[in-house]
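Atoms within each ligand, like the ligands themselves, are counted from 1 in listed order.
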Amino acid sequence: MPKTILITGANGEIGHGLVEALSGKPDTRIVALDLRPLDDHLAAKCHATVVGDIGDRDLLGRIASEHEIDTVFHLAALLSTRSERQPLLAHRVNVDGTLNLLELAIAEARSEGKDVRFLYPSSIAVYGLPYLDAKRNAGKVCEDDHTRPTTMYGINKLYCERLGDYYADHYRQLDQEATKGGVDFRCIRFPGLISAVTVPSGGTSDYGAEMLHAAAKGESYACFVRPDTRIPFMAMPDAVRALLMLEAAPKEALTRRAYNIAAFSPSAEEILAMTLRFFPNAKVSYDPHLKRQGIVDTWPEDVDDTAARADWGFHHEFDFERAFADYLIPGLGV
Ligand code: NAD
Ligand code: AKB
């Protein structure tokens, strides 16, 4: 029996990498859902594609009745900058939408008497360092420290992690009838991701990827954060590989539900220096945006990913140097 995987937000940056990676696996059927039609080359790799809103519970019900879902990768969300611009919409999509997907997963688990794996991409935005010196002195932040986010997006992500715990651990306790199967919720707190094939939009870590993609196109770029701004980043292939590794990990090996993962933590100035190595004519200026700067100033400079390494063998393949030399620059196709 092939395994059926529902991917929400499948047309986004992670979705592009995930659909490609999963389509190479035998006995896997991808059901892709996004507000926007999937790019043609991605749609061709899916068993079914649905254009629609994760807020539409009737639509989710129809998807569940047409497909026996084994795993959900719930990627659909509004990212941090967009969420600050439209906080009510962000709450509706990021929280209510996630609740709808968790309901779909638990209903599927109960009707089929099996565990449904639920992979949730959280973010370094769940952290909130109160001021710059605290950020600079915090070192590698562990999962249980500094979880006082100040953005709608970070608050949404942290709360949805808790919702995942609830659906996995507590949802059944007051139930009269004991049922087999439940939601096996697993979550990664991703750093800012940089892809060679897609350009981000709506996030606050976007400056790294935007700088590089602008340089590759010969366009000038005004970076919206100060040169000394430092947050964790990761190359997209490592992020997609991490999701697949966590999905495949045996349940008994997992000691927590939400895991940090890390790769490299350059400052904006160091990203520019690396970009100039490959594009010496890149035209980059700094024009810090007060609010966006304020967001990244609360995110950690680095995170501790000891638990991910110990529990499910996470390791990054791309450090800063290799991410540019072996993945980003060749993938940009210039
Ligand atoms: P993205 O913005 O590229 O993709 C999100 C996708 O969700 C888009 O294709 C969009 O059309 C879709 N979408 C938005 N609202 C929807 C709705 N109501 N119904 C259905 N689809 C909807 O984002 P991404 O970079 O691919 O991120 C995927 C997930 O990973 C998000 O949950 C994001 O918070 C998380 N994440 C991303 C990063 C990063 O740097 N890219 C870092 C940490 C966490
Ligand atoms: C954003 O900037 O909102 C995302 C993230 C780090 O979660 N890229």
* To do: Step by step, work out the side-chain hydrogen bond (donor to acceptor under 3.5 Å, both in side chains) result for Asp34 and Asn11.
  => CA-CA 6 Å; Asp34 202 291; Asn11 203 45; 5.3 Å; no

* How close does the nearest protein non-hydrogen atom get to atom 19 (N) of ligand 1, and which residue and atom is it? -> Ile54 N, 3.0 Å

* Asked: What protein heavy atom sits nearest atom 36 (N) of ligand 1, and how far off is it?
  -> Tyr153 OH, 3.7 Å

* Closest approach of any protein heavy atom to atom 4 (C) of ligand 2, naming residue and atom -> Leu79 CD2, 3.8 Å

* **Tyr159, OH atom: more than 12 neighbouring heavy atoms under 6.0 Å** => no

* Quick one: nearest non-hydrogen protein atom to atom 28 (C) of ligand 1, plus distance? -> Leu75 O, 3.3 Å

* Run the contact test for Tyr120 against ligand 1 with a 4.0 Å cut-off on heavy atoms, strictly below, and give the result. => no

* Determine the sole option in Val31, Leu42, Leu22, Leu33 for which the side chain to side chain contact (heavy atoms under 4.5 Å, CB included) test with Ile7 is passed. => Leu22

* Asked: Looking only at N/O atoms, are Lys157 and ligand 1 under 3.5 Å apart anywhere?
  -> yes

* **More than 12 heavy atoms from other groups under 6.0 Å of CZ on Arg256** => yes

* To do: Taking the side chain as every heavy atom from C-beta outward, state whether Tyr153 and Leu158 have any atom pair closer than 4.5 Å.
  => no

* **Protein contact of atom 37 (C) of ligand 1 - nearest heavy atom, named by residue and atom, plus distance** => Ile14 CD1, 4.1 Å

* To do: Determine, using ring centers only, whether Tyr207 and Phe233 are less than 6.0 Å apart.
  => yes

* Asked: In the protein, what heavy atom is nearest to atom 18 (N) of ligand 1, and what distance, to one decimal place, separates them?
  -> Asp53 OD1, 2.9 Å

* Numbered atoms of ligand 2 (with element) below 4.0 Å of Gly203, judged on heavy atoms -> 1 (C), 2 (O), 3 (O)

* Asked: Between Asp311 (side chain) and Leu254 (backbone), is there a donor-acceptor pair under 3.5 Å?
  -> no

* To do: Mark the output for Ala239 as yes if a heavy-atom distance to ligand 1 is under 4.0 Å, and as no if none is.
  => no

* Structure fact -> For Phe190, the ligand 1 atoms with a heavy-atom partner under 4.0 Å come out as 42 (C), 43 (C), 44 (C)

* Do the side chain of Arg292 and the main chain of Gly203 share a donor and acceptor less than 3.5 angstrom apart? -> yes

* Structure fact -> Gly52 heavy atoms within 4.0 Å reach ligand 1 at atoms 19 (N), 20 (C)

* To do: State whether the number of non-hydrogen atoms from other residues, nucleotides or ligands found under 6.0 Å of Arg136 atom CZ is greater than 12.
  => yes

* Asked: Does a side-chain N-to-carboxylate-O contact under 4.0 Å join Asp319 and Arg322?
  -> no

* Structure fact -> atom 17 (C) of ligand 1 sits nearest the protein heavy atom Leu35 CG, 3.5 Å

* Asked: Less than 3.5 Å between some nitrogen or oxygen of Glu13 and one of ligand 1, yes or no?
  -> yes

* Asked: Which residue holds the protein heavy atom closest to atom 40 (O) of ligand 1, what is that atom called, and what is the gap in Å?
  -> Leu193 N, 2.9 Å

* Asked: Quick one: do Lys180 and Asp115 make a salt bridge, cutoff under 4.0 Å?
  -> no

* Structure fact -> Quick note on ligand 1: atoms under 4.0 Å from a heavy atom of Gly192 include exactly 40 (O)

* Asked: Can Asp34 be said to touch ligand 1, with heavy atoms closer than 4.0 Å?
  -> yes

* Asked: With a 4.5 Å heavy-atom cut-off, do Asp297 and Arg226 have their side chains touching?
  -> yes

* Hey, does Ser123 come in under 3.5 Å of ligand 1, counting only N/O atoms on both sides? -> no

* Salt-bridged, Arg230 to Asp302, with N to O below 4.0 Å? -> no

* Asked: Tell me: protein heavy atom nearest atom 13 (N) of ligand 1, and distance?
  -> Ala76 CB, 4.0 Å

* Asked: Counting heavy atoms only, which of Ala90, Ser80, Ser195, Gly9 is nearest atom 7 (O) of ligand 1?
  -> Gly9

* Region of Pro200 that comes within reach of ligand 1 [heavy atoms, distance under 4.0 Å] -> neither

* Asked: Does the side chain of His74 reach to within under 4.5 Å of the side chain of Thr98, using non-hydrogen atoms?
  -> yes

* **Proximity of Ser205 to ligand 2 by residue part, where a heavy atom lies under 4.0 Å** => both

* Asked: Between Arg92 and Asp96, is there a salt bridge with N-O shorter than 4.0 Å?
  -> no

* Under-4.0 Å heavy-atom contact with ligand 1, by part of Ala125 that carries it -> neither

* **Proximity flag Ala10 to ligand 1, non-hydrogen atoms under 4.0 Å** => no

* To do: Please answer: with hydrophobic residues joined when any side-chain heavy atoms are less than 4.5 Å apart, are Ile124 and Leu75 in the same cluster?
  => yes

* Asked: Got a donor-acceptor contact below 3.5 angstrom from the Lys291 side chain to the Glu84 backbone?
  -> no

* Asked: What protein heavy atom sits nearest atom 3 (O) of ligand 2, and how far off is it?
  -> Ser80 OG, 2.5 Å

* Asked: If we only count N/O pairs under 3.5 Å, is Asp206 in contact with ligand 2?
  -> no

* Which ligand 1 atoms are under 4.0 Å away from a heavy-atom of Pro191? -> 40 (O), 42 (C), 43 (C)

* Which protein non-hydrogen atom lies closest to atom 6 (C) of ligand 2, naming both residue and atom, and how far is it? -> Ser123 OG, 3.6 Å

* For ligand 1, indicate whether the residue Leu33 contacts it via side chain, backbone, both or neither (heavy-atom separation under 4.0 Å). => neither

* Asked: Should Tyr120 and Ile188 count as side-chain neighbours, where that means a heavy-atom distance under 4.5 Å?
  -> no

* Asked: Does any N/O atom on Leu79 come nearer than 3.5 Å to any N/O atom on ligand 1?
  -> no

* Asked: Among Gly202, Ala77, Pro37, whose heavy atom sits nearest atom 14 (C) of ligand 1?
  -> Ala77

* Proximity flag Gly97 to ligand 1, non-hydrogen atoms under 4.0 Å -> no

* Atoms of ligand 2 less than 4.0 Å from Thr204 heavy atoms? -> 1 (C), 2 (O), 3 (O)

* **Asp40, CG: over 12 other non-hydrogen atoms inside 6.0 angstrom** => no

* To do: Answer with yes or no whether Arg189 contacts ligand 1, where contact means a heavy atom under 4.0 Å from a ligand atom.
  => no

